[in-house]
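Just below is one structure, and these are the notes that go with it.
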Amino acid sequence: MNTVLYQFLIGVPTAAAIWSALLVLALTVLTVLVARPERDRPSEEAAAGEPTPAEVAVEAADLRRYAEEVAAAASGAAHTARRWREVWLTAQEEVDRAWSAYDEAESAARRFVGAGALPTPRTPRTPAEYAARERWLHQAAVAAHWRGELPVERLRDVFAHRDGWDPRRHPVEQEVLLARAVRDSRRDAYRRAAARERSAWRDAEQAADAARALAVEAYAAAQRLRPGRASAVPRTASTAPRATATARWRPARVG
């Protein structure tokens with residue numbers, strides 16, 4: 001009896017230790033099974049990330065519509081650039097004509113450079129003589145205005161006897177003043193024409209740059225319509241390519 005009791009008392013702690021070890025091992029295995037890493041199912045994710053035929057058709061329609069809009073804008077920009085170039089060419093021709101007119105007036109005015117050294121012809125200073133001088137000045141100024149050599153502002157000064165226009169002067173002196181006035185007027189006209197030409201050139205350059213940029217964009221949009229070309233239109237959330245499947249921790253199904 002004592003021997004059996006002794007064996008029982010010795011065996012209980014050993015059995016308890018064995019069962020404790022088995023329990024710890026079982027809990028460890030269960031923990032590993034519950035918290036093991038699993039990858040997302042690649043087949044399901046690939047199927048979810050691929051666009052459907054309807055989405056592909058919508059994206060193709062968007063690309064085609066964008067390409068048509070850009071092509072229309074490029075065509076309009078090219079037409080505008082041609083129109084501004086024509087404006088610039090016209091302004092350039094006006095500059096050439098204005099310069100030729102100024103050069104001619106300058107040559108005519110230079111012929112009177114030494115006229116001041118010559119004595120003025122002596123004529124009787126009578127009311128009839130002064131009236132004749134005034135008529136000559138008015139007629140010469142009106143003729144120069146009709147030829148386009150004298151602007152209307154200078155013509156008003158002549159008739160108002162302003163800005164050095166004195167009808168009592170001899171016609172020789174009046175002719176020198178008239179030639180210089182024509183030269184100055186044509187010089188001012190040339191400067192205005194040159195300013196218009198520079199402005200037209202800047203507008204033509206800007207229109208040409210815009211047309212070139214739109215032509216490049218229209219070509220790129222047309223290239224994207226070709227089969228096998230990657231779309232440059234941003235994808236929506238439903239058609240955006242999913243990132244590569246990464247491992248994440250998820251509870252495993254036990255059993």
For [X] and [Y], work out which heavy atoms get closest and say how close.
X	Y	value
Leu150	His145	O-ND1, 2.8 Å
Ala81	Ala211	CB-CB, 4.2 Å
Val182	Ala144	CG2-CB, 4.5 Å
Leu214	Ala73	CD1-O, 3.6 Å
Val158	Ala141	CG1-CB, 3.8 Å
Tyr190	Ala98	CA-CB, 3.7 Å

(request) Answer yes if the side chains of Tyr66 and Glu217 hold a donor-acceptor pair under 3.5 Å, and no otherwise. (result)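 Yes.
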
(message) Checking Gln174 against Trp136: is there a side-chain donor and acceptor pair closer than 3.5 Å?
(response) no

(message) Applying the side-chain hydrogen bond (donor to acceptor under 3.5 Å, both in side chains) criterion to Asp166, which one of Arg169, Arg162, Arg168 satisfies it?
(response) Arg168

Would you indicate whether the side-chain heavy atoms of [Y] and [X] approach each other to under 4.5 Å?
X	Y	answer
Glu149	Ser185	no
Val87	Asp203	no
Glu197	Glu94	no

Would you please name every residue forming a side-chain contact (heavy atoms from CB on, under 4.5 Å) with [X], sequence neighbours left out?
X	answer
Arg183	Tyr102, Ala105, Glu106, Ala109, Arg180
His79	Arg82
Ser100	none

Tell me if a side-chain donor or acceptor on [X] pairs with a main-chain N or O of [Y] at a distance below 3.5 Å.
X	Y	value
Thr80	Gly76	yes
Arg186	Ala101	yes
Ser199	Ala195	no

(message) Using the side chain to side chain donor-acceptor pair (under 3.5 Å) criterion, which residues pair with Arg85? Sequence neighbours excluded.
(response)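 Testing Arg85 for side chain to side chain donor-acceptor pair (under 3.5 Å), a comparison that skips the adjacent residues, returns none.
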
(message) Let me check something: do Leu89 and Trp201 share a hydrophobic cluster, defined by ILVMFWY side-chain heavy atoms less than 4.5 Å apart, either directly or through other members?
(response)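 Linked within one cluster.
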
(request) Say whether Leu178 and Val176 are linked into one hydrophobic cluster, either directly or through other cluster members, by side-chain heavy-atom distances under 4.5 angstrom. (result) no

For the [atom1] atom of [X] and the [atom2] atom of [Y], what is their distance to the nearest 0.5 Å?
X	Y	atom1	atom2	answer
Tyr219	Arg224	OH	CZ	12.0 Å
Trp88	Arg202	CH2	CZ	13.5 Å
Glu134	Gln139	CD	CD	11.0 Å

(request) Run through the side-chain heavy atoms of Ile, Leu, Val, Met, Phe, Trp and Tyr, join any pair under 4.5 Å, and report what else lands in Leu155's cluster. (result)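 Cluster partners of Leu155: Val142, Trp146, Phe159.
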
(request) Determine which pairs satisfy salt bridge (Lys or Arg N to Asp or Glu O under 4.0 Å) with at least one residue from residues 63-73, sequence neighbours left out, and list them in order. (result)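 Sorted result for residues 63-73: Asp62-Arg65.
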
